[in-house]
Amino acid sequence: MANILDAFKEDQTVVTIDASKKLKVGIIGTGWIAEAHMTQLLKMPDVDVVAGADLIPGKAEKFMKKFGKEEARCYLSGHEMLEAEELDAVCICTYNRQHAPCAIDALEHGVHVMLEKPFTVTTEEAVECIRAEKKSGKILSIGFQPRFNPNMQLVKKIVQSGQLGKIYYIQTGGGRRRGIPTPFGTTFIEDKTAGIGAMADIGCYSLDMVLNALGYPKPLTVSGFTTDYFGKDPEYWTTQNKPAEYADIFEVDDFAGGLIRLEGGIILDFRIAWAMHLDTPGDTIIMGTKGSLRIPSTECWNGTIGGPLKIYHNVEGTGVGVATEIPMQAAPKEGEFYHKLRSFLDAIKNGGKAPVPSSEILYNQAIIDHIVKSSKCGHEVEVIIPEI
């Protein structure tokens, strides 16, 4: 047991920031998630947020003023900003359906891109983004901050160590009892802005946790389903102190699930919910031929881990089954969101690679998209990814 615990000790490496040259950064979309970006960017001595863009007149100006950046230039579209500014990077914080157009535009302007999750709405859009990335030679990194949580990194370390043997079955997902996001309106729940619901918002985190641990095997087939029972119920909204009319506006999934066959003979059993009559749809379980890993869920899933990991295995040379608990790792002092952006900016400065590569998240997006496609046609579908 001591050997297992020693193998998964936390890395305490400290990184020094070179502030001799500032990176010029713009923000496209100045809503809710953009505030998290700006909060972290302002902590970085080698970053200057010089511009912002938003479709709503005056919104970008109000955003910049809130953060003491009145000198930043503001525009009514990302394209206008990219045409006028000489930027090193942009943070794209728009609603889902604008992710692909804005990312492609920025890459075509020779600008590095931090693209908020989900990657896109469809597989085809994700492929177009990667084509633009390759043509531009710039970095396109996808905004998955849970990757920078030491406990999430521990999941990958355990799987990659071989302690579990060959992985053959995974159960993963998450959920909230009452968690359909409408903090500042309906962009998360309308098709014209969101395109996808719970899967795009929190399901992508669940998929990334396990797919990243496995090394992102290719998805082969998907049998999926989606529902909207809560979002379409006026009573749900009135109990949340929201207009009952939101039920008429709701056009995405509030629950989804799927059975996915992955390369390597791995079965992935996935479910995600914005709203349900449960505290959790269950822990994440990774089953292998030498051992299994349990990852405790949380009651309000947002890409975090609910408690210490447990490895279930046999004592070597015996048939005696034991469980080894891996102590929780301390969160980074600056927070996962900071490190999401910091790793992206460091890659730009050092000529490195995207910390969360588009080539990986393409498979994440393909699973989500094919769950939608499977649900619509009512049967299992082959995962089709166009050539890049």
Side-chain angles (χ1 to χ4, degrees), residues 28-29 33-34 36-37 78 89-108 111-136 138-148 152 187-188 191 193-212 214-219 222 224 252-253 256 258 260 262 268 270 272 302-303 337 340-341 343-344 347 353-373 383-388:
I28 302 177
I33 197 64
H37 282 255
V90 291
C91 293
I92 296 178
C93 304
T94 63
Y95 47 77
N96 301 347
R97 285 211 179 271
Q98 283 300 307
H99 282 192
C102 289
I104 292 168
D105 195 16
L107 291 165
E108 289 178 345
V111 177
H112 300 284
V113 175
M114 165 56 69
L115 177 59
E116 258 306 326
K117 59 81 186 169
F119 188 171
T120 55
V121 172
T122 70
T123 309
E124 291 76 16
E125 287 175 336
V127 167
E128 288 301 320
C129 288
I130 296 174
R131 287 172 178 162
E133 175 191 14
K134 291 197 171 194
K135 187 175 180 180
S136 71
K138 299 300 178 179
I139 292 170
L140 170 61
S141 190
I142 316 302
F144 281 73
Q145 65 269 10
R147 284 226 190 166
F148 301 92
M152 287 291 185
T187 56
F188 276 87
D191 180 72
T193 48
I196 320 170
M199 286 190 291
D201 183 35
I202 54 178
C204 61
Y205 287 148
S206 301
L207 290 170
D208 188 62
M209 175 171 63
V210 295
L211 293 172
N212 183 43
L214 292 169
Y216 258 96
K218 184 179 180 181
V222 171
V252 295
D253 57 283
I260 302 103
L262 304 171
L268 173 57
F270 165 72
I272 198 74
N302 206 31
F337 211 101
K340 171 176 80 173
L341 295 173
S343 62
F344 165 66
K353 297 180 179 180
V356 183
S358 60
S359 57
E360 292 180 357
I361 309 305
L362 170 62
Y363 288 169
N364 187 307
Q365 195 64 46
I367 289 173
I368 291 172
D369 184 28
H370 284 77
I371 286 175
V372 174
K373 290 174 179 174
V383 175
I384 304 296
I385 299 176
E387 287 292 324
I388 298 173

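N212 is listed as a side-chain neighbour of E360, based on a closest heavy-atom distance under 4.5 Å. Counting heavy atoms from C-beta outward, R147 and K340 have side chains that stay 4.5 Å or more apart. Contact check for D369 versus F119: no side-chain heavy atoms found under the 4.5 Å cut-off. The shortest distance between side-chain heavy atoms of I142 and L115 falls below 4.5 Å.
Between Y363 and Y216, the ring planes are tilted. Angles from 30° to 60° get that label.
Closest heavy-atom contact between C93 and I33: CB-CG2, 3.5 Å. P118 and Q365 make their closest contact through CB-OE1, 3.8 Å (heavy atoms, listed as atom of the first residue, atom of the second, distance). The two residues G203 and F270 come nearest to each other via the heavy atoms O-CE1, 3.8 Å. Closest approach of C204 to I368, counting heavy atoms only: CB-CD1, 4.0 Å. Scanning all heavy atoms of the two residues, the minimum distance from A100 to T120 falls at CB-CG2, 3.9 Å. Contact detail for V121 and A194: the closest heavy-atom pair is CG2-O, 3.7 Å.
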Task: Audit row: I104, R131, side chain to side chain contact (heavy atoms under 4.5 Å, CB included) steps and yes/no - done: CA-CA 9 Å; I104 292 168; R131 287 172 178 162; over 6 Å; no
- [ ] Start with the C-alpha gap between T123 and L362, add the side-chain angles, then the distance that decides, and say whether side chain to side chain contact (heavy atoms under 4.5 Å, CB included) holds.
- [x] CA-CA 7 Å; T123 309; L362 170 62; 4.3 Å; yes
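L207 contributes atom CG, which lies 8.0 Å from atom CD1 of I272 (distance to the nearest 0.5 angstrom). The SG atom of C91 lies 5.5 Å from the CG atom of L341; values are rounded to the nearest 0.5 Å. Separation of atoms NZ (K117) and CG (N96) is listed at 7.5 Å; rounding is to 0.5 Å. Between atom CG of residue L107 and atom CG of residue L140 there is a gap of 5.5 Å, rounded to the nearest 0.5 Å. I367 contributes atom CD1, which lies 5.0 Å from atom CD1 of I260 (distance to the nearest 0.5 angstrom). In this structure, CD1 in I361 is found 4.5 Å from CZ in F144, a value given to the nearest 0.5 Å.
When the options H37, Q145, H99 are evaluated for a side chain to side chain donor-acceptor pair (under 3.5 Å) with E116, the one that passes is H37.
In this structure, the side chain of S136 does not engage the main chain of E108 through any donor-acceptor pair within 3.5 Å. Side-chain N or O atoms of D253 include one that pairs as donor or acceptor with a backbone N or O of M199 at under 3.5 Å. In this structure, the side chain of E125 engages the main chain of T122 through a donor-acceptor pair within 3.5 Å. In terms of modelled atom types and a separation under 3.5 Å, the side chain of R97 and the main chain of D191 share a donor-acceptor contact.
At a threshold of 4.0 Å, the pair E124-K373 counts as salt-bridged, since one of the basic side-chain nitrogens sits closer than that to a carboxylate oxygen.
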